[in-house]
Undergrad: 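One structure, pasted below without further comment.
In each ligand, atom 1 is the first atom listed, and ligand 1 is the first ligand listed. If you read the sequence from its start, that first residue is 1, and numbering goes on from there.
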Amino acid sequence: MELIDSHAHLDDTVFDAERDAVVSRAAAAGIRAIICIGTTAATSERCLAIAAQQPLVFAAAGIQPNYTAEALAGDWERIVAMASRPRVVGIGETGLDRYWQHADFATQQDYFQRHIELARTLDLPFIVHMRDCDADVLEMLRAARKLGPLRGVMHSFTGTLDTALECLDLGMEISFAGMVTYPKSTELRRIAARIPPDRILLETDSPYLSPHPLRKQRPNEPALLVHTAAVVAEELGMQPDELGLRSVQNTLRLFSRITMAR
Ligand SMILES: [Zn+2]
């Protein structure tokens, strides 16, 4: 099976001792590319450094909503500077989060808007984190859509079916992570079954939330994406290989700066 892990925090220190092995296991499991997603200026720079060393790895640069309050003067300028580097393929992760309340909401909205505008200026996709704030995210996406087409992905989607369908209408793609495999996630699987196969991306969001049946494995890693692919494929009535290929095509269409050796 061929897959792309469209969202992994490969820069996480939990991988420091075995990052090369993690990437090798991913390649052996059919992972053709991994997008290493920044959450701060510093982690975005780490992602870019990893992408410079590992042919399989690409980077996204951004400040995740929960880290916006602690962003220092100059951090946003570091993101902007990184965004034009060749192995940076997307802007994010960005978005909004009402669950953790690490950053006040106006600050989160300010940064979300900056990421959307930067992505549009550079014609790059943006990566949206949305937790317990479907209505707030939709409001900002609708406003942005009025100014032009949207190019982005709702990462590790856990919103409602209505939100998913409106995001698709707005031009966003939907990405599923390990959560969709959990026995209790029947509603999320019902949503997955309703997403057109040409609009689906897959991700691990590693090192977090390993997929069933390896949920106890810590940390999660890109090689485990095959389990998520199998569950989503079943919901869509597709063979895992077929979904894998479609999701690779979808990811390459969205993250068009990814260049893979064939
Ligand atoms: Zn993430």
Side-chain angles (χ1 to χ4, degrees), residues 3-15 19 22-23 26 31 33-48 50-51 57-71 75 79 82-83 88-103 108 111-112 115-116 118-119 124-134 137 152-159 167 172-182 185 188 200-211 215 217-225 228 247 251 254-255 258:
L3 294 167
I4 291 177
D5 187 351
S6 68
H7 193 117
H9 298 283
L10 216 54
D11 59 289
D12 196 290
T13 51
V14 77
F15 294 124
R19 192 166 286 108
V22 165
V23 173
I31 309 293
I34 301 166
I35 307 178
C36 183
I37 309 283
T39 55
T40 63
T43 59
S44 296
E45 284 165 359
R46 276 214 292 278
C47 287
L48 184 53
I50 295 164
V57 180
F58 297 83
I63 301 177
Q64 204 261 13
N66 295 320
Y67 296 95
T68 52
E70 62 193 61
D75 280 3
I79 299 294
M82 264 180 278
V88 173
V89 298
I91 302 299
E93 61 183 283
T94 181
L96 299 172
D97 190 316
R98 283 198 188 272
Y99 179 80
W100 289 107
Q101 306 191 331
H102 287 328
Q108 294 186 35
Y111 274 93
F112 188 16
H115 285 80
I116 293 172
L118 178 62
L124 281 172
F126 60 97
I127 300 135
V128 178
H129 166 105
M130 176 180 76
R131 188 142 184 211
D132 293 356
C133 56
D134 288 33
V137 167
V153 58
M154 306 300 293
H155 115 81
S156 190
F157 187 82
T158 55
C167 286
M172 303 291 289
E173 321 295 330
I174 306 287
S175 178
F176 293 101
M179 196 95 76
V180 77
T181 67
Y182 296 166
S185 298
L188 193 53
I200 290 182
L201 274 60
L202 298 170
E203 63 175 277
T204 56
D205 204 10
S206 48
Y208 313 110
L209 299 176
S210 298
R215 193 171 178 176
Q217 179 171 322
R218 302 277 158 78
N220 186 13
E221 63 175 71
L224 303 191
L225 187 59
T228 303
S247 67
T251 308
L254 182 65
F255 293 96
I258 295 179

Undergrad: List the steps and the verdict of side chain to side chain contact (heavy atoms under 4.5 Å, CB included) for Asn66 and Thr39.
TA: CA-CA 9 Å; Asn66 295 320; Thr39 55; over 6 Å; no

Undergrad: Decide, counting backbone as well as side-chain atoms, whether His7 has an N, O or S atom less than 2.8 Å from the Zn ion (ligand 1).
TA: yes

Undergrad: Confirm or rule out an N/O/S atom of His9, from backbone or side chain, lying less than 2.8 Å from the Zn ion (ligand 1).
TA: yes

Undergrad: Val14: which residues meet the side chain to side chain contact (heavy atoms under 4.5 Å, CB included) condition with it, sequence neighbours left out?
TA: Asp12, Pro207, Pro219

Undergrad: By atom name, which N, O or S atom belonging to Asp205 lies closest to the Zn ion (ligand 1)?
TA: OD1

Undergrad: For the Zn ion (ligand 1), what is the closest N, O or S atom on Glu93?
TA: OE2

Undergrad: Who are the ring-ring contact (aromatic ring centres under 6.0 Å, His included) partners of His7, not counting sequence neighbours?
TA: His9, His155

Undergrad: Is it true that the side chains of Glu203 and Ser175 contain a donor and an acceptor less than 3.5 Å apart?
TA: yes

